[in-house]
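Sequence lines set the chain letters: A, B, ... in the order given, protein chains first and strands last, and positions in each chain run from 1.
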There are 4 protein chains.
Amino acid sequence: MKFKVSAELAYEVKAPSTLILNVHALRTARQTVLQEELLIDPYIKAEELPSTNGENRFVRLDITEPGEFSIKYEATVDNYYEIKDYRSFQEVPVSRFDPAVLTYLNPSRYCQSDKLYRLANNTFGQINNSYSQVVAVTEWIHKNVEYLSGFSNSETSAYDTVTQQAGVCRDFAHLGIALCRALTIPARYFTGYAYKLIPADFHACFEAYIGGEWILFDATKLAPLNGLVKIATGRDAADAAIASIFGDVYCNYVKADCQMVEDEPFNPIYYTKSVFDGVTYL
Amino acid sequence: MKFKVSAELAYEVKAPSTLILNVHALRTARQTVLQEELLIDPYIKAEELPSTNGENRFVRLDITEPGEFSIKYEATVDNYYEIKDYRSFQEVPVSRFDPAVLTYLNPSRYCQSDKLYRLANNTFGQINNSYSQVVAVTEWIHKNVEYLSGFSNSETSAYDTVTQQAGVCRDFAHLGIALCRALTIPARYFTGYAYKLIPADFHACFEAYIGGEWILFDATKLAPLNGLVKIATGRDAADAAIASIFGDVYCNYVKADCQMVEDEPFNPIYYTKSVFDGVTYL
Amino acid sequence: MKFKVSAELAYEVKAPSTLILNVHALRTARQTVLQEELLIDPYIKAEELPSTNGENRFVRLDITEPGEFSIKYEATVDNYYEIKDYRSFQEVPVSRFDPAVLTYLNPSRYCQSDKLYRLANNTFGQINNSYSQVVAVTEWIHKNVEYLSGFSNSETSAYDTVTQQAGVCRDFAHLGIALCRALTIPARYFTGYAYKLIPADFHACFEAYIGGEWILFDATKLAPLNGLVKIATGRDAADAAIASIFGDVYCNYVKADCQMVEDEPFNPIYYTKSVFDGVTYL
Amino acid sequence: MKFKVSAELAYEVKAPSTLILNVHALRTARQTVLQEELLIDPYIKAEELPSTNGENRFVRLDITEPGEFSIKYEATVDNYYEIKDYRSFQEVPVSRFDPAVLTYLNPSRYCQSDKLYRLANNTFGQINNSYSQVVAVTEWIHKNVEYLSGFSNSETSAYDTVTQQAGVCRDFAHLGIALCRALTIPARYFTGYAYKLIPADFHACFEAYIGGEWILFDATKLAPLNGLVKIATGRDAADAAIASIFGDVYCNYVKADCQMVEDEPFNPIYYTKSVFDGVTYL
C-alpha cells in the first residue's frame, strides 16, 4: 500500500549543536521509498549515516548557527505486509535463533526483562506457544494499562509501567518487549508513522520474533497494524528517538502525519484474542 | 605481550537447555589468538556465532542431556597496547563521531546515563577536555565507591551504585560508562581476563571514546591496564555476560585465570591523576 | 491461650553502641504478659521506653564495653482473639475513621501505596466491601508471590515485591499493607512470635482496619492466625525492627520460639476465600 | 513576631468525598494563634481532629454534595524563635535521645535514609559534631541541587533527588532529612507559611534534633528562617500534605500567603557556613 508520510520539527538553537534525526522511512525488502524530501531551514547539509544493522536511517545535522531551525520530511512509501496464520507454526528454539536476534533477549534501559522474569513466567509461562504468549501479553497490557497522555516521562520504564498501569504508546511497547524477553522471546521497539492514528503523531509498538520472523504487536490498539510505515527498530526508545540532541537546543514543535496516497480499500487489522493471524512487514 | 588464559565452568543441567558462552579471547587488529582449545564434557558440538559488530565471539551450546556439564577454555593470546600522551590531543565533536559509536551514547539497562545527566555535568562539566573528564570520573568512582564483594547483585545498576557507593568491578564499570555517556562521551563495557588480578577472576572495566579512539579505564585499579585480554565489549553487562543460560541449568563453579607466557619484564600501568597517558588496545 | 515465647540474640560489639530492642510481648487489652524475663550478658541496665501510641515496648541498651554480648528474653503470655463473621458488617467511611488510624493510610518506606494506586484499584476496586477486598489482596499475594528465603533484602519494598513476586514474610506483609492503603483501607505492620511457624523465627504479617477494628491477615499462610503473640505494630518494618543498632555491632545469632504452655486443644485458623471470619486481637 | 497568614483552596467535587485539611497554624509553646477563621463555601461542618503527637491540626471535611467547593483560612499568629550559638553545645547521644524522637531516625516513604547511609557517612561522617554536619548537609544540597519547578512530582523521593539534583522545596527537605537520619540525627519535615517567600506559596523545610532540640534548616534558602509559621511536622510529606483527598475531587486552585502584621523591623536570617547560630521555634 502507498502512504504519504510527513514530519515537521521546529527548534530554537541556542548554541552550535548536533542533532541526530530519525524520521526517514526505512528501506527494507518490503518497504520502498518511492520519493522523499528533507527540507532544512536555514539550509545546512544533512549527513545520512550508515544504518546500524539495517535498523534505521539516522541523519546527522551539524548546526553551527544559533536561531530558529526547522525540518520538514516528506516521503511516499510503498510497503506490503503479510498475514500469517498462527493456528499452527514451527517454533524456533533458542538453539536455532538467528544469532543477530540474541541481543533482543537482553534487558535494556527501558525494558528490564530480568526484573520481570517471575511475573512474566507466572502469568504467561503456561501458554504453550510463543505466538499465543505474545498475544496474551498484548491483551494483558491492553486490559491493565490505561492510555494516559502526560502520565509518564522520558525516564519511565517497563518496570514502572507494569505496576503504575498507565502511559503512552512508548510505555505500552516497552512493557510488551520486556515481558517477551522475560519469556525468552526476542522483542524489539518499532517506531514509525501510523495511518488512522488519532491524534496524528509518531507511533511506537513492538515486534516479537516468532517462528523465525518478526511479527508486529501493538498493545495500544490505537492504530491498524496494516497502516504502519517503519522508521526504525531498536532495543527500546533509547535506540530510536525521533531526534537526539547534543547541545543547547529546544524543541518547539513536532508533528507527524500519515495518509494513504489514493483511496485504496483499507481493511484495518487489529489483534483480537480469537484470531490467529500475525502481521509482519519483514 | 603473550598471555595464557583459561576459564573453567561447571554446571548441573536439569533439562535440555541452550547456553551462550562468552569466554573466548576476542580477535582484533591488536589481539591475536595464537592457540586455543575448548573442552566440553560430555562432548557436544559448539557453534561459534558470527560476531555482532566484531565485539564478541559467542559460542552456542545446545545441551540435550541432563546431568553434570563442564567447559574448559584455554588460549594463548598475543596482544599489544599503545600508550598515548593526552597532554594535548584533538577532540572529536559529535558531528564527526564514527556513526558506529553513537549507540554507546544511549542509556542502557545498567547505565542510565539519562538519569545521571545533571550529576555528571555538575561534577565534571567544567573540566575542559574529554580525556581529563574520564580520568576525573575514574578517580571519583575510585574514591567514592568501595569495592565490596556481595554488596550488589545482578540487578544493580549505575543509578544504585552512584548513591550506594559500594560494589564489584561490574558496578564500577557501569557507573563509569553511565557518567561518560551523560557527558556525551561514548563508553562501553569491557570484559576480559586480567593478569595480576587478585583473586583471579573474570574482570570488567570500560572503554571511553576519546579523540576517535577507545581508551581503557578501570576505576577499581585492581588490575594493571596493560595486563588485560579482551573477551568482549558491549553496551553493558547485559551484552557481555560470561554465560547466558536458556533453560534449567545451575552453575556450580566458575574460574578464570591469566598468566604471562614467559617471564617478560612487566611494568604494570595504573591510572593516576597526574599522568596523561591513555592505554588503548584498539 | 497461653504461650511461652523466647528470643535469643548474640552480638559482637566492636565499639560502644546503643541498641533499641523490640522483642518484648506487647501489653494490650487482650494480651497479658503473665511473666517475663530479660537476661543480658554481660549485664547492663535496660531502659524500657514509653510506648509510641501503645504500639511497642522498645528497650534501650547502652553498651559501653566492646566484646561478646547476648540477650535472652522469655515470657509467658496469655492472649485471646475474637472471631467475627464478616458476611455482613458495618463499613466505616473515612469521614468516621478513628483519627489515630489516618496515619496508616499514608505511604511509608516499604509500602509505597501511592505508586500502587492504579494496580490496587484496577485489581480489587470492584469488590464491594473492605473485608472482601483485603481477603482478595491476601489471596492474590499468596497466589502470586513465592516464599523464597534470601530473595529479598533489607531494602526490598512492596514496589519491588509486586513485580518480582518472591520474598519472605516481611515482604508479603509490606505488599499487603501497600495494597490496602491504596484502596483507602488503613493497614499496619505486625511483628510477633508465631506458634507452629516452621522454621521457628520471628514472624511478620499485617492488620487492616475494617469496620472500625484491626483484623489480622497473613498472606504467607505459614502460621495460624490464632497462634500469634504480638510484639509491635507500626507503619512498616522500619518502625518495628527486632533490633535497631546505632554503633559498631555485628549480629551473630537470632532465634525466636513460641510454644503453647499446656496442651490445650488448638484449632489452627488460616484464611480461605470462602470463609467470612476475621481474627482480631485488639 | 506577628504574622497574618492565609490559604485559599478551590475544588471541584465530582462525588461525595472526604478531605483532610492541613493548613491551620499549629499551636505550640512558642506559637500562639491569636485569631483564626475557616470559611467553607458551601458551608459544611469542619471537624478538627486530635493532633497526632502535637504535630498537626488536621481538619476533616465530609463533603456530601458534588459541585464547586472552596476553603479560605486566615489567621493571625504570634510566634517567637530563639537563636542559639552552636560554637559549643552539648551533644546528646542516642542512648539519651528523647524516646519520642527515635521514630525520626527511621527511613520513610520519601526519605530512604537506609539507602543513603554510605553516601552520607562518606561525605559528612568526618565532621565532628551534629550541628556542623547538618549545616554541611544543608550547604551541600544548596550547592548541588537546583531549584526547578516542575522537575519532580509527588513520587519523587530523596533517593531520586540526591542523583537527579533538581527539585522543589519539598525535595530539598526530603533529601536533608534522609541525609540527617543516615548520620543518626533525627530529622523531620516542616510545612508552613513563609514570609518573603517568592512566589508566595506553602513552604517546606526540615528540623534536625541537635543537642536535644529541634533546629530549623532550609536548603533552598528561599525564605528567612525567622519568617516561618508552622502548620505541621511529620516524617515526610506523606504525613503533612496540605490536603489529603479521599474520593473524586479535583483541585483547581491553591494559594498561600504570609505577611507581617505591622511594620516591625525584620532582619532575615539565612544559614551561612561561617555562622554558628541555629534557629529553633520549639
D/S154 versus chain C, the contacting section by heavy-atom distance below 4.5 Å:
backbone
Side chain from CB out, backbone as N, CA, C, O: work out which of these in D/I20 comes under 4.5 Å of a heavy atom of chain C, or both, or neither.
side chain
Measure distances from C/Y110 to the heavy atoms of chain D and classify the residue's part below 4.5 Å as side chain, backbone, both or neither.
side chain
Should we count OH of D/Y117 as having more than 12 external heavy atoms under 6.0 Å?
no
For C/P50 against D/P99, the heavy-atom pair lying closest together
CD-CG, 3.8 Å
NZ/NE/NH1/NH2 to OD/OE distance under 4.0 Å, C/D236 and D/R109
no
Structural part of D/L19 lying under 4.5 Å from a heavy atom of chain C
neither
At a heavy-atom separation under 4.5 Å, does D/F97 approach chain C through its side chain, its backbone, both, or neither?
both
For the side chain of C/R60 and the backbone of D/V94, is there at least one donor-acceptor N/O pair under 3.5 Å apart?
yes
Testing C/N106, C/T103, C/D239 for side chain to side chain contact (heavy atoms under 4.5 Å, CB included) with D/R235, which one passes?
C/D239
Is chain C contacted by the side chain of D/T18, its backbone, both, or neither, given a heavy-atom distance below 4.5 Å?
side chain
Under 4.5 Å from any heavy atom of chain C, what part of D/I63 do you find: side chain, backbone, both or neither?
neither
